S.K.: 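Below is one structure. I have some questions about it.
Counting begins at 1 with the first residue of the sequence. Quantities reported herein were computed from a predicted structural model and do not represent experimental measurements.
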Amino acid sequence: MILEQIKKTGDVKKIDRDDLPLLAEEIREFLISSISETGGHLASNLGVVELTIALHRVLDLPEDKLIWDVGHQSYTHKLLTGRKEGFGQLRRYGGMSGFPKRRESSSDAFETGHSSTSISAGLGFARARDLRGENYKVVSVIGDGSLTGGMAYEALNNASQLGSNFIIVLNDNQMSISENVGGLSAYLGSIRTADAYTNLKAGVEQALGRIPVVGQSVVEGLRSTKNGLKQMIIPGMFFEDLGITYLGPVDGHDIAATERALQDAKKVKGPVVVHVRTVKGKGYPPAERHPDRFHGAEPFVIETGQPKKKRTKPSYTDVFADAVCREAAANEALVAVTAAMAGGTGLEKFSRMYPDRFFDVGIAEEHAVTFAAGMAAGGLRPVVAVYSSFLQRGFDQVIHDVCLQNLPVVFAVDRAGLVGSDGETHQGLFDLSYLSMIPNLCVMAPKNGWELRRMLRFALQQDGPCAIRYPRGEACELMSEWKAPVEMGKAEIIYDETDIALIAAGSMVETAYEVRRKLREAGFSCSLINARFIKPLDEETILRCAADHRLIVTLEENVRRGGFGDAVADLLEETGTDVRVVQIALPDDYIEHGSVETLRRETGIDAESIFRQITAEAIEFRRPERN
């Protein structure tokens, strides 16, 4: 196998050019086989195999800097830097990350996980290089989906002032996760379909190149002319108008052509865009047909592409998907907004049922939030469905454009808490902290699927903004008999006893239910309270628990600093209440990849770990043993 010849960075340069297509085929076979066992990002990686090979052959890594936007397409890069053996533990706790990680390899120049960042980071490298008098190449790879993010345009505008070489590879596969939308997609489409330009350019260059003596110099002159042939034929020339040289489009699955374009780009004094066209999921028919389904794939059967583990219970995302459609049927003002995550957030069903009331704004969370604020000010009832870690990107807009004006926008915050294998950049660890600090914003967390439906209905009836945060995975079905109406700022008392009060938020109510069972078996009297509202707090219930119990235990799937437990502890301190408080929360740290079950155990928020911690604190509360 040719792939076996690659043991370290740079080995791909030793491979005979005629063997490169076979290497690409072997890489695809390896990725399909490996990811079918571990899960991971498949379609995006299959689409950049040849592009990555070309980049590694043209660049001198790690001296040159290669920066991947988002980074979920870096698997071939990891193979070409000698990390093949790590794929057996890909995205597992203690194993290799599914994203670039500087601690893994010196060839991982910059850590990524969110989109639209690579041009800014690359420009920073280029400026550092020039100021330090160094001489290396900087390449930022960005997808056409990521180029819908506003940060990318800010970076492009700034990059135009650079007087030294900086290469931006635009990987155009017409997809982000779902199909791309918006004006940029239409613009790139016009370039893709400019066959007249591509064919004419090739014909002219071939004809001129055959002219003795002067032919090649004329061709080079044409290539370097900013306002030349392509300016006349391709509409807009957006990049050239910014002062950024444009090369392409190039077939990103043709290694030789891509290498030539990259070599040309290295000669440009200034920023240059190399536009490559690729096919997401290339080489594996199920992924080519359904690239969104194979964006982040669970382990699957290679022959069929079907998941190995069939899901039998609805997820929280499924519950939300059904609930928002049901609410839309009764409320014509309800509209739904997503930032290129219609499938991930469950809004695909809504988009089919209510296409005129569904808005996918592309990878642009800041715009999504303010866009929703404008619709709310205009009399609509927008629901913004977004992952917890991605809502961080719209934090200022939540404050300034929604909450400051007290506009009735509902944030459906999916993937709150630990999400597992995607790791640090995707864990939803901070939303309770950064949302509960904002004035006017009501923050809720449901204990099960039934409560999520009721909280959505409740939120849509309010005059101001609300956020509902819920986890990834199967919706809890426990405690279905407890169905107290959702009232503003009111907790739900599930069990009312003495000694220990477990006050849990959202996903941790299910864990607290199991902890209480263990405590009861160990002889403790234990109340269980479903907080429901992180903001406003149910101060009355909390203070009553403090008066009736000797130990208060708060439970949340959020970092401790600024979270639910801190709010409860602050209330008790401010009121001078003398009661011991134990805060169960995630550490104030970034949590690596691994299964959710493993991460809960490692961070001490699983039922057994919590039980041990509480019993150590409350040993004197133990009831006398029964005869």
S.K.: Hey, is the main chain of Phe524 close enough, under 3.5 Å, to the side chain of Asp499 for a donor-acceptor pair?
M.R.: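 Flag not set: sc Asp499 to bb Phe524 has no pair under 3.5 Å.
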
S.K.: Looking only at the side chains, is there a donor atom on one of Asn448 and Glu510 sitting less than 3.5 Å from an acceptor on the other?
M.R.: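 Not at all, the side chains of Asn448 and Glu510 share no donor-acceptor pair under 3.5 Å.
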
S.K.: Does Glu327 come within less than 4.0 Å of Arg453, counting only side-chain N to carboxylate O?
M.R.: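 Salt bridge absent between Glu327 and Arg453.
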
S.K.: Are any side-chain N or O atoms of Glu557 and backbone N or O atoms of Ala585, one a donor and one an acceptor, separated by less than 3.5 Å?
M.R.: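 Not at all, since once roles are kept as given, no pair shorter than 3.5 Å links the two residues.
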
S.K.: Looking at Asp589, I'd like to know if its CG atom is crowded, meaning that more than 12 non-hydrogen atoms belonging to other residues, nucleotides or ligands lie closer than 6.0 Å.
M.R.: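 Counting other residues, nucleotides and ligands, CG of Asp589 exceeds 12 neighbours.
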
S.K.: Salt bridge check: are Glu521 and Lys518 linked by an N-O gap of less than 4.0 Å?
M.R.: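 Result for this pair is no, no salt bridge flagged.
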
S.K.: For Glu597, does the CD atom have more than 12 heavy-atom neighbours from other residues, nucleotides or ligands under 6.0 Å away?
M.R.: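 Not buried by this count: 12 neighbours or fewer within 6.0 Å.
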
S.K.: Hey, is Glu424 close enough to Arg103 for a salt bridge, meaning N to O under 4.0 Å?
M.R.: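 Salt bridge: yes.
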
S.K.: Here's one to test your reading of the geometry: is the NZ or CZ of Arg357 within 45 degrees of the ring axis of Tyr354 and under 6.0 Å from its centre?
M.R.: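 Yes, cation above the ring, under 6.0 Å and within 45°.
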
S.K.: Consider only side-chain N and O atoms of Thr317 and Arg415, and report whether a donor and an acceptor are under 3.5 Å apart.
M.R.: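 Checked: Thr317/Arg415 side chains pair up, N/O donor to acceptor below 3.5 Å.
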
S.K.: Name the residue from Val443, Asn558, Ile503 that meets the side-chain contact (heavy atoms from CB on, under 4.5 Å) definition with Phe564.
M.R.: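 Among the candidates, only Ile503 passes.
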
S.K.: Do we get Arg102 above Phe110's six-membered ring, with its NZ or CZ under 6.0 Å from the centre and within 45° of the axis?
M.R.: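 Judged by the rule (NZ or CZ under 6.0 Å from the ring centre, within 45° of its axis), Arg102 is not positioned above Phe110.
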
S.K.: Are side-chain N/O atoms of Thr425 and His114 paired as donor and acceptor at under 3.5 Å?
M.R.: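 There is no such pair between these side chains.
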
S.K.: Are the charged groups of Glu540 and Arg544 less than 4.0 angstrom apart, N to O?
M.R.: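 No salt bridge links Glu540 with Arg544.
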
S.K.: Could you verify whether a donor N or O on one side chain and an acceptor N or O on the other, from Thr117 and Thr112, lie under 3.5 Å apart?
M.R.: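 No, no side-chain donor-acceptor pair sits under 3.5 Å.
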
